[in-house]
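The block underneath contains the structure these notes are about, expressed in structure tokens.
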Amino acid sequence: MESISVGILGLGTVGSGVVKVIENHQDKLFHQIGCPVEIKKALVKEVNKTRDVEVDLSLLTQNPNDVLLDPEIDIVVEVMGSVEETRGYLVQALEQKKHVVTANKDLMAVHGPELLSIAEKNQCDLFYEASVAGGIPILRGLKDGLASDRITKIMGIVNGTTNFILTKMSKEGRSYDDVLSEAQQLGFAEADPTADVGGLDSARKMAILSTLGFSMNIDLDDVQVEGITEVTEEDLQYAEQFGYTMKLIGNAHRQGTKVEVNVEPTLLVNTHPLSSVDDEYNAVYVYGEAVGETMFYGPGAGSLPTATAVVSDMVGVMRNMRLGVNGNSSVIPEFPKQLKGKEEIYSKHFLRLHVEDEVGVLSSITSTFSKNGASFEKVLQNPLPSEKRAEIVLITHQVSLENFEKILSELNDLTAVHGIKSTYRVEGGKS
Ligand SMILES: NC(=O)C1=CN([C@@H]2O[C@H](COP(=O)(O)OP(=O)(O)OC[C@H]3O[C@@H](n4cnc5c(N)ncnc54)[C@H](OP(=O)(O)O)[C@@H]3O)[C@@H](O)[C@H]2O)C=CC1
Ligand SMILES: N[C@@H](CC=O)C(=O)O
Ligand code: NA
């Protein structure tokens with residue numbers, strides 16, 4: 001091959017990083033693949049915009065066909081975002097026998113299986129390492145590094161924006177809105193950050209991770225999702241007081257043939273390896289039956305880290321081109337999907353509630369828990385400044401989700417309970 005030509009869809013935060021990595025690492029790329037890599041065209045919305053990277057204006061186009069139908073382009077790199085329009089472009093690229101590298105988790109979480117099958121039919125590669133945990137090679141870790149093992153647990157901090165917000169709120173006492181706008185300026189947050197803070201971005205990544213890790217087609221709708229928008233300063237302070245750290249955790253757990261996948265703000269015991277992952281950093285904890293505990297850590301968002309994953313995927317495609325083995329790397333899920341019922345999902349829970357400050361209230365709350373098979377690991381009561389009310393904060397031992405939901409509903413029915421202020425899943429500590 002004289003050279004490899006690449007067409008890029010999108011030249012924003014990640015696209016600019018891709019151009020920089022290709023330019024700055026040209027020698028290393030040449031050494032790995034034996035020929036130069038050339039960027040032939042880049043699709044953008046606005047040609048005359050000021051960009052983070054200097055590019056010849058003749059490279060830019062607003063016409064997707066300049067990339068998708070150019071017979072000289074071997075690899076299409078998709079870093080423009082959005083779902084339906086982009087899906088159409090990638091189908092077209094694959095049908096034109098172009099290999100695809102994408103950073104788009106929104107797209108892969110919904111249309112991944114369809115696109116992978118179109119890629120295979122056309123003997124093309126479709127790689128998407130950057131779509132989960134930015135620069136961390138976690139998909140490769142699961143697909144290749146742990147290919148021989150049976151994975152039973154994947155727990156991840158897979159959204160940089162929310163980790164940045166929770167870290168700055170807990171450690172620097174800063175406000176939610178202030179930290180969110182800094183995450184937007186730094187390029188971690190999505191153009192519309194609702195999916196970041198609402199947990200959907202993490203859910204998409206957990207759908208991709210659990211599909212690969214458990215070899216089972218997990219759809220986005222199978223992931224129970226809750227974001228960080230309701231997390232209060234009081235909750236962060238109580239977490240600290242109890243020896244826990246609040247993190248937005250994606251949790252995928254397999255027991256036998258059944259799995260649960262959820263994303264929710266979680267109190268992690270301070271000794272848990274994920275509790276010290278701060279700022280925009282991501283980490284994925286993977287437990288395999290043979291290997292035991294592993295953890296993959298690194299920058300989960302940002303221009304150059306994400307671009308590194310994109311360009312490494314391009315190297316994978318180019319190596320396959322040299323060997324003539326493109327289109328053989330996706331693995332069809334081995335197991336039918338089986339999700340756990342609420343009676344099979346067990347965890348500890350944190351609960352903060354406001355109650356009447358009078359004799360017998362704590363005992364009626366305790367009996368609601370014990371009737372439903374739950375007991376307390378920790379409990380504390382503080383008087384509230386106004387009225388004759390108190391705040392009760394507790395952490396339960398392990399209880400099924402079915403029973404915990406019954407407890408919440410019965411507590412709501414007690415006249416002495418004025419409101420359930422917050423509940424969170426708890427990981428670690430005594431079970
Ligand atoms: N930012 C990050 O840290 C990470 C992002 N990702 C994913 O990477 C992808 C890109 O993200 P990011 O770089 O942050 O996004 P940006 O918004 O910074 O960039 C998007 C780029 O795509 C172009 N574009 C968008 N829509 C269209 C369209 N309809 N037609 C033509 N061009 C279009 C824009 O053009 P113009 O410049 O002219 O406006 C821009 O250059 C997303 O899927 C994101 O989820 C994944 C991991 C980390
Ligand atoms: N908005 C995302 C970007 C990477 O996927 C995040 O904050 O992690
Ligand atoms: Na990654």
Side-chain angles (χ1 to χ4, degrees), residues 8-19 41-53 55 60-68 77-90 101-109 127-143 156-166 180 183-205 208-209 212 227-228 248 250 279-284 296-310 312-313:
I8 305 189
L9 306 177
L11 202 56
T13 304
V14 181
S16 308
V18 169
V19 173
K41 269 291 172 227
L43 176 74
V44 291
K45 248 196 265 184
E46 274 180 61
V47 168
N48 293 317
K49 191 169 164 178
T50 314
R51 299 190 180 274
D52 279 351
V53 67
V55 281
L60 303 185
T61 177
Q62 290 169 309
N63 181 358
N65 288 339
D66 288 346
V67 174
L68 304 172
V77 169
E78 188 275 302
V79 283
M80 62 180 260
S82 94
V83 179
E84 290 313 324
E85 179 188 13
T86 312
R87 175 194 159 277
Y89 291 168
L90 296 196
V101 172
T102 177
N104 193 333
K105 60 264 165 167
D106 307 28
L107 175 73
M108 289 308 290
F127 292 157
Y128 50 102
E129 180 61 75
S131 70
V132 180
I136 308 175
I138 179 63
L139 300 189
R140 218 165 269 149
L142 287 173
K143 206 167 81 155
I157 294 174
V158 286
N159 182 270
T161 304
T162 46
N163 205 38
F164 189 73
I165 295 174
L166 291 175
L180 172 57
Q184 287 176 292
Q185 280 159 26
L186 290 169
F188 310 145
E190 299 300 307
D192 172 3
T194 318
D196 291 303
V197 297
L200 184 58
D201 180 77
S202 296
R204 288 168 172 146
K205 293 167 179 167
I208 296 171
L209 281 176
L212 206 55
I228 63 158
L248 184 67
D279 298 322
E280 76 277 21
Y281 277 83
N282 281 194
V284 186
F296 299 76
Y297 170 85
S303 181
L304 290 176
T306 310
T308 304
V310 171
S312 296
D313 272 353

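Just so you know, ligand 1 is whichever comes first in the structure, and atom 1 is the first atom listed for that ligand. Numbers here simply count residues along the sequence, with the first being 1.
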Heavy-atom contacts under 4.0 Å between Lys205 and ligand 2: side chain, backbone, both, or neither? side chain

For Arg51, state whether at least one heavy atom is located under 4.0 Å from any atom of ligand 1. yes

Does a side-chain heavy-atom distance below 4.5 Å link Leu90 with Glu78? yes

Is the distance from the Na ion (ligand 3) to some N, O or S atom of Gly134 under 3.0 Å? yes

Output yes when the distance from some N or O of ligand 1 to some N or O of Ala130 is under 3.5 Å, and no in every other case. no

Check whether the side chains of Asp66 and Thr61 place a donor and an acceptor atom closer than 3.5 Å, and report yes or no. yes

Atom indices of ligand 2 within 4.0 angstrom of Gly300 heavy atoms, with elements: 4 (C)

Between CG of Asn104 and CG of Asp106, what distance do you get to the nearest 0.5 Å? 5.0 Å

Leu11 versus ligand 1: do any nitrogen or oxygen atoms come within less than 3.5 Å of each other? yes

Judging by distance only, is a nitrogen or oxygen of Gly12 under 3.5 angstrom from one on ligand 1? yes

Suppose we measure from atom 11 (O) of ligand 1 to each protein heavy atom; which comes out shortest, and what is that distance? Val14 CG2, 4.0 Å

At the 4.0 Å heavy-atom cut-off, does Gly134 count as touching ligand 1? no

For ligand 2, which atoms have a heavy atom of Glu190 less than 4.0 angstrom away? 1 (N), 2 (C), 3 (C)

How wide is the angle at the Na ion (ligand 3) spanned by Glu129 OE2 and Ile136 O, rounded to 10 degrees? 80°

Do Asp192 and Thr194 have side-chain atoms, one donor and one acceptor, less than 3.5 Å apart? yes

I need the contact type for Thr306 against ligand 1. Using non-hydrogen atoms and a strict under-4.0 Å cut-off, is it side chain, backbone, both or neither? side chain

Does ligand 1 come near enough to Glu78 that some N or O of the ligand is less than 3.5 Å from an N or O of the residue? no

Metal site the Na ion (ligand 3): N/O/S of Val132 inside 3.0 Å: yes

